[in-house]
Amino acid sequence: MNVFQESCCSILGVLLVFLLQGSCSDPDAEVVHKAVGESLELIADYPKDGLEVQWTYNENVFAEFDKYIKPVGSQSFLKRLKMNEDNISVTVEDLKRQDSGSFSMVARAGAVQHKTKIIELHVHELIRDVQIEYNVSRLQSENICTFHLRCLASGDPNPSYSWSGHQIQTQGPHLNISLRPAENATLTCTANNTYSVNYTTETVVCREKLDYSSVLSGFPLKYLLIAVGAGIVVVVIFGATLAVCCRRRSNKGQGESEAGITVYEEVNTDGPAKKRSESVANGMSIYETVNDTKLSQNLPQTLYDKINYQRHPAVSTSTSTSSPYQEVL
């Protein structure tokens, strides 16, 4: 019986705390969610005759209207406050996360007190980008790939994460899945807060053999393409340089051949004999021009003869001589 009474007292205590908390909160407060950099407009939507208004932030007055609007107080919004007397409003521009709080408009007209308007502002960072990082380990004994995935979002430092795909529905930034060889899984990570949501998708594949491409965590394809492109450029530059060199050598050889730098010079069998300086124009031929001049007389020529084409008749056989040489005149 005592246990039952204690249980009942505990339940009543919890209900009492809940009711007290509910009574402390203003049921008429308007909850507004904004992103960093946006604006909050507070319009005093009351009858304008004799109207006086005070705008407060966390119970501190920062602007008031009495025939015209003016800023008051410490002015944490001084450089970001825009006032409009046409519709009797103030606008807080370029909101920051620390601007989250309670705004209110207290208005009266003479002795008439208008209902206070309360706005609970929550300023959030936008989730701008979501990425999935992963690595893989292989259990050789069972031939299974185990993927360890992590979801990262930029913008809001504390978003909520959820995973979906491949018959998976789970919460949190981390996910581990196992696949057999040749199996693949397409997974989606979603990051969200109260004001924004963003997601990304990644496909993981368990390969037959573990290679570097599977070990590297989401290795960007652009780096591989850059490396291939750089290799192609190097090959093209090398080939162009080689072609230019060969072209220059070819042009040089052709010019020298045209200038008469040859192994064999022209052989002329007719025409007047030329001196060496005349037969070889540039003096760079191995064999000079040969001019086969025909002699008008059929006279003998020997190694030791001084060639003279007007000789005396041969020595008579009756003349006795022991020299093997002819008399040269």
Side-chain angles (χ1 to χ4, degrees), residues 31-38 94-100 121-245:
V31 179
V32 176
H33 295 275
K34 292 286 186 179
V36 171
E38 293 186 340
D94 192 20
L95 290 172
K96 306 180 185 302
R97 291 189 64 198
Q98 55 266 31
D99 294 336
S100 298
L121 175 66
H122 301 274
V123 183
H124 306 274
E125 289 276 4
L126 286 176
I127 299 175
R128 306 184 186 282
D129 186 38
V130 180
Q131 294 183 353
I132 296 176
E133 295 181 350
Y134 70 90
N135 55 55
V136 58
S137 59
R138 195 181 190 92
L139 187 59
Q140 297 292 345
S141 59
E142 298 183 12
N143 199 22
I144 291 177
C145 300
T146 300
F147 292 87
H148 311 277
L149 300 99
R150 181 188 179 191
C151 192
L152 298 173
S154 61
D156 192 338
N158 298 304
S160 298
Y161 295 98
S162 61
W163 293 90
S164 61
H166 198 65
Q167 300 180 349
I168 293 174
Q169 293 290 336
T170 186
Q171 305 291 323
H174 298 278
L175 176 67
N176 296 326
I177 64 168
S178 296
L179 299 174
R180 294 194 174 277
E183 288 185 342
N184 64 79
T186 300
L187 304 166
T188 300
C189 175
T190 302
N192 66 83
N193 55 22
T194 308
Y195 194 77
S196 62
V197 60
N198 208 336
Y199 69 92
T200 188
T201 300
E202 184 75 32
T203 299
V204 293
V205 181
C206 181
R207 306 182 185 280
E208 293 292 340
K209 292 182 180 180
L210 190 63
D211 53 18
Y212 291 107
S213 61
S214 62
V215 175
L216 293 176
S217 173
F219 182 77
L221 180 61
K222 62 180 183 180
Y223 295 133
L224 179 59
L225 295 178
I226 290 173
V228 173
I232 293 174
V233 170
V234 170
V235 171
V236 170
I237 293 175
F238 178 77
T241 304
L242 186 61
V244 169
C245 292

J.: With a 4.5 Å limit on heavy-atom distance, are the side chains of Leu187 and Leu175 in contact?
T.: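 Leu187 vs Leu175: side chains touch.
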J.: How long is the gap from CG on Asp156 to CG on Asn198, to the nearest 0.5 Å?
T.: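 With rounding to 0.5 Å, CG (Asp156) is 12.0 Å from CG (Asn198).
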J.: Distance check, rounded to the nearest 0.5 Å: Asp129 atom CG versus Ser154 atom OG?
T.: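 It comes to 4.5 Å.
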J.: If I take atom OG from residue Ser196 and atom NE2 from residue His33, how far apart are they, to the nearest 0.5 angstrom?
T.: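 Separation between the atoms: 12.0 Å.
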J.: Taking Pro159's backbone N and O only, do any of them form a donor-acceptor pair with Asn192's side chain (distance below 3.5 Å, no angle check)?
T.: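 No: the side chain of Asn192 does not pair with the backbone of Pro159.
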J.: Do Asp94 and Lys96 sit within salt-bridge range, that is, some charged N less than 4.0 Å from a carboxylate O?
T.: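 Looking at Asp94 and Lys96, the cut-off is met.
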J.: Any side-chain heavy-atom pair from Glu183 and Val205 closer than 4.5 angstrom?
T.: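 No. Closest side-chain heavy atoms not under 4.5 Å.
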J.: Could you tell me the separation between the NE2 atom of His148 and the OG atom of Ser137, rounded to the nearest 0.5 Å?
T.: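 Answer for the NE2-OG pair, His148 versus Ser137, is 3.5 Å.
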J.: Check whether Thr190 reaches the backbone of Tyr199 with its side chain - one donor and one acceptor, N or O, closer than 3.5 Å.
T.: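 No; judged by distance alone, with no hydrogens or angles, the pair does not exist.
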J.: Less than 4.5 Å apart, side chain to side chain, heavy atoms only: is that true for His124 and Leu126?
T.: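 No, their side chains stay 4.5 Å or more apart.
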J.: Give, for atom CZ of Phe147 and atom CG of Asn184, the distance between the pair rounded to the nearest 0.5 Å.
T.: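 The distance works out to 9.0 Å.
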J.: What's the separation between atom OG1 in Thr200 and atom CD in Gln131, rounded to the nearest 0.5 Å?
T.: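 The OG1 atom of Thr200 sits 7.5 Å away from the CD atom of Gln131.
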J.: Please answer whether the main-chain N or O of Thr146 pairs with a side-chain N or O of Ser178 as donor and acceptor at a distance below 3.5 Å.
T.: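 Absent.
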J.: Would a distance-only check, ignoring hydrogens and angles, find a side-chain to backbone donor-acceptor pair under 3.5 Å from Trp163 to Gly172?
T.: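 A pair under 3.5 Å: yes.
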J.: Look only at the side chain of Tyr195 and the backbone of Val36, and say whether a donor-acceptor pair between them is shorter than 3.5 Å.
T.: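 Checking the backbone N and O of Val36 against the side chain of Tyr195, no donor-acceptor pair under 3.5 Å is found.
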J.: Apply side chain to side chain contact (heavy atoms under 4.5 Å, CB included) to the pair Val204 and Ile177, showing each step before the final yes or no.
T.: CA-CA 10 Å; Val204 293; Ile177 64 168; 4.0 Å; yes
J.: Side chains of Thr186 and Thr203: donor-acceptor distance under 3.5 Å anywhere?
T.: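 Yes, a side-chain donor-acceptor pair sits under 3.5 Å.
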J.: Could you tell me whether the side chain of Arg180 reaches within less than 4.5 Å of the side chain of Ile144, counting heavy atoms only?
T.: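 The answer is yes, as the side chains (C-beta and beyond) meet within the 4.5 Å cut-off.
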J.: Heavy-atom distance under 4.5 Å between the side chains of Asn143 and Pro181, does that happen here?
T.: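 In short, these two side chains touch, coming nearer than 4.5 Å.
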J.: Under the side chain to side chain contact (heavy atoms under 4.5 Å, CB included) criterion, do Arg138 and Cys206 qualify, and how do the steps go?
T.: CA-CA 9 Å; Arg138 195 181 190 92; Cys206 181; 4.2 Å; yes
J.: Quick one: are Arg150 and Tyr134 in side-chain contact, heavy atoms under 4.5 Å?
T.: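 Not in contact.
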J.: So Thr194 and His122, side chain to side chain contact (heavy atoms under 4.5 Å, CB included) or not? Walk me through it.
T.: CA-CA 9 Å; Thr194 308; His122 301 274; over 6 Å; no
J.: For Glu133 and Leu149: C-alpha separation, side-chain torsions, deciding distance, then whether side chain to side chain contact (heavy atoms under 4.5 Å, CB included) applies.
T.: CA-CA 6 Å; Glu133 295 181 350; Leu149 300 99; over 6 Å; no
J.: Show the nearest heavy-atom pair for residues Asn193 and Ile127, with the distance to one decimal.
T.: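 Asn193 and Ile127 have their closest heavy atoms at N-CD1, 3.6 Å.
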J.: I need the minimum non-hydrogen distance between Glu125 and Pro157, along with the two atoms involved.
T.: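 Looking at all heavy atoms of both residues, the shortest contact is CG-CD, 4.4 Å.
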J.: Of the non-hydrogen atoms in Ala191 and Val130, which two are nearest, and what is the gap between them?
T.: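 Residues Ala191 and Val130, closest heavy atoms: CB-CG2, 3.9 Å.
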